[in-house]
Amino acid sequence: MCKDCGCGLPGDVAIDGVPVGSEPSHPEGLKTHSHDHDHTHGQDHAHGHDHEHPHPHPHEHHRTITVEQGILDKNDRLAERNRGYFQAKRLFVLNVLASPGAGKTALIERTASDLGKELRLGVIVGDLATENDAVRLRSHGVPAIQITTGSVCHLDAEMVSRAMERLDLDALDILIIENVGNLVCPAVYDLGENMRVVLLSVTEGEDKPLKYPVMFQSAQVVVVNKMDIAAAVGFDRETALGNIRRVAPNATILEVSARTGEGMDRWYAYLKQAVRRPTASPA
């Protein structure tokens with residue numbers, strides 16, 4: 001997880017190509033090791049020690065203290081602030097997560113194209129580099145802000161807070177956050193969203209939910225995408241659905257093809273109902 005790895009160097013993050021002078025996304029995650037060396041001698045020494053000890057004293061006591069601060073505390077506070085702001089704007093917010101190539105952008109494109117006349121959508125896109133996805137979405141008339149994260153393998157609440165300043169939230173019904181393609185680190189970062197949607201494409205293998213349980217456990221909705229090619233790639237549907245239910249028994253499972261539109265009607269119906277009855281926060 002990001003609380004242990006070294007991602008998030010200062011100066012990496014940019015919003016719509018403009019560098020953001022923020023601190024590392026998890027500056028509190030540093031571990032501090034303190035070594036106390038207690039020199040307890042059985043006799044008093046009237047003279048000073050001007051020489052060094054080349055080896056440990058035979059009755060020297062070593063004590064190691066490890067201090068590891070909760071690196072998510074700051075993010076959680078900012079996420080709650082985001083959530084309150086979204087609620088004040090009567091805005092429904094989705095956090096869309098998946099591995100690279102699962103079809104996050106294609107799902108959002110299709111949703112915007114088909115629902116654009118009923119619901120006003122805006123998007124914040126997260127990628128390590130390039131603004132390609134934001135450009136794709138803007139071509140459909142969707143207001144989209146691109147966050148390029150550099151070495152940071154997830155979006156955090158502060159990045160979202162900065163990015164949403166560039167959107168007219170009063171002109172939106174739904175804000176979709178397309179997270180960085182990653183099934184590990186984004187799972188533990190609350191962004192202030194109402195709902196988490198995790199995509200699994202049929203090309204990834206039926207055991208993905210078992211390999212990355214934390215991500216799938218955090219989802220209210222699991223979308224199985226690219227069903228139009230399921231037979232061609234030998235996708236074992238029953239095994240995949242069983243694995244999802246095993247890891248995320250309370251999640252709603254939707255089977256779709258963002259490319260052909262197969263199953264998207266059920267996704268739209270679910271989304272429109274969720275907007276009318278927003279959830280407070282991800283589980």
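The analysis underlying the following values was restricted to heavy atoms, covering all of them including side chains, and did not include hydrogens, waters or symmetry mates.
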Counting N and O atoms only, with roles assigned by atom type, does the side chain of [X] sit under 3.5 Å from a partner on the main chain of [Y], one being a donor and the other an acceptor?
| X | Y | result |
| --- | --- | --- |
| Arg245 | Asn250 | no |
| Glu206 | Asp236 | yes |
| Asn194 | Val93 | yes |
| Asp127 | Thr130 | no |
| Arg196 | Gln220 | no |
| Asp173 | Arg120 | yes |
| Ser161 | Ala157 | no |
| Asn225 | Ala258 | yes |
| Asn75 | Tyr189 | no |
| Glu193 | Leu191 | yes |

Side chain proximity check, [X] to [Y], heavy atoms < 4.5 angstrom:
| X | Y | value |
| --- | --- | --- |
| Met215 | Pro186 | yes |
| Thr203 | Ile229 | yes |
| Asn95 | Glu178 | no |
| Asn243 | Thr239 | yes |

Take Glu204 and Ser201 through the side chain to side chain donor-acceptor pair (under 3.5 Å) test and state the conclusion after the steps.
-> CA-CA 6 Å; Glu204 295 180 82; Ser201 74; 3.1 Å; yes

Mind checking the [atom1]-[atom2] spacing from [X] to [Y]? Nearest 0.5 Å is all I need.
| X | Y | atom1 | atom2 | result |
| --- | --- | --- | --- | --- |
| Phe235 | Leu200 | CZ | CG | 5.5 Å |
| Leu91 | Tyr85 | CG | OH | 9.5 Å |
| Ser113 | Met264 | OG | CE | 9.5 Å |
| Leu172 | Phe92 | CG | CZ | 14.0 Å |
| Leu94 | Leu271 | CG | CG | 5.5 Å |
| Thr252 | Ile244 | OG1 | CD1 | 11.5 Å |

Mind checking whether [X] and [Y] sit in one hydrophobic cluster, side chains of I, L, V, M, F, W, Y counted as touching below 4.5 Å?
| X | Y | answer |
| --- | --- | --- |
| Leu78 | Leu167 | no |
| Val135 | Ile145 | no |
| Val18 | Val13 | no |

Got a salt bridge between [X] and [Y], using NZ or NE/NH1/NH2 to carboxylate O under 4.0 Å?
| X | Y | answer |
| --- | --- | --- |
| Glu165 | Arg162 | no |
| Glu255 | Arg266 | no |
| Asp190 | Arg83 | yes |
| Asp114 | Arg110 | yes |

Does the pair Phe86 and Met164 meet the rule for a side chain to side chain contact (heavy atoms under 4.5 Å, CB included), with working shown?
-> CA-CA 10 Å; Phe86 294 145; Met164 69 188 185; 3.3 Å; yes

Given Val96 and Asn179, is the side chain to side chain contact (heavy atoms under 4.5 Å, CB included) satisfied, shown in steps?
-> CA-CA 6 Å; Val96 179; Asn179 219 308; over 6 Å; no

What's the shortest heavy-atom distance between [X] and [Y], and which atoms?
| X | Y | result |
| --- | --- | --- |
| Cys185 | Cys153 | SG-SG, 3.1 Å |
| Leu155 | Gly126 | CD2-CA, 3.9 Å |
| Ala187 | Val214 | CB-CG1, 3.8 Å |
| Ala144 | Ala134 | CB-O, 4.0 Å |
| Leu119 | Lys272 | CD1-CG, 3.9 Å |
| Met159 | Ile147 | O-CD1, 3.7 Å |

Going by atom types alone, do Asp228 and Thr260 pair a side-chain donor with an acceptor below 3.5 Å?
->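 Checked: Asp228/Thr260 side chains show no N/O donor-acceptor pair below 3.5 Å.
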
Would Met227 and Val256 satisfy side chain to side chain contact (heavy atoms under 4.5 Å, CB included), going step by step from the backbone distance to the final call?
-> CA-CA 6 Å; Met227 289 300 297; Val256 310; 5.8 Å; no

Stepwise side chain to side chain contact (heavy atoms under 4.5 Å, CB included) test for Val198 and Val223 | CA-CA 6 Å; Val198 176; Val223 175; over 6 Å; no

Give me the one residue out of Val197, Val221, Val224 that meets side-chain contact (heavy atoms from CB on, under 4.5 Å) with Leu254.
->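 It is Val221, the one option of Val197, Val221, Val224 that forms the side-chain contact (heavy atoms from CB on, under 4.5 Å) with Leu254.
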
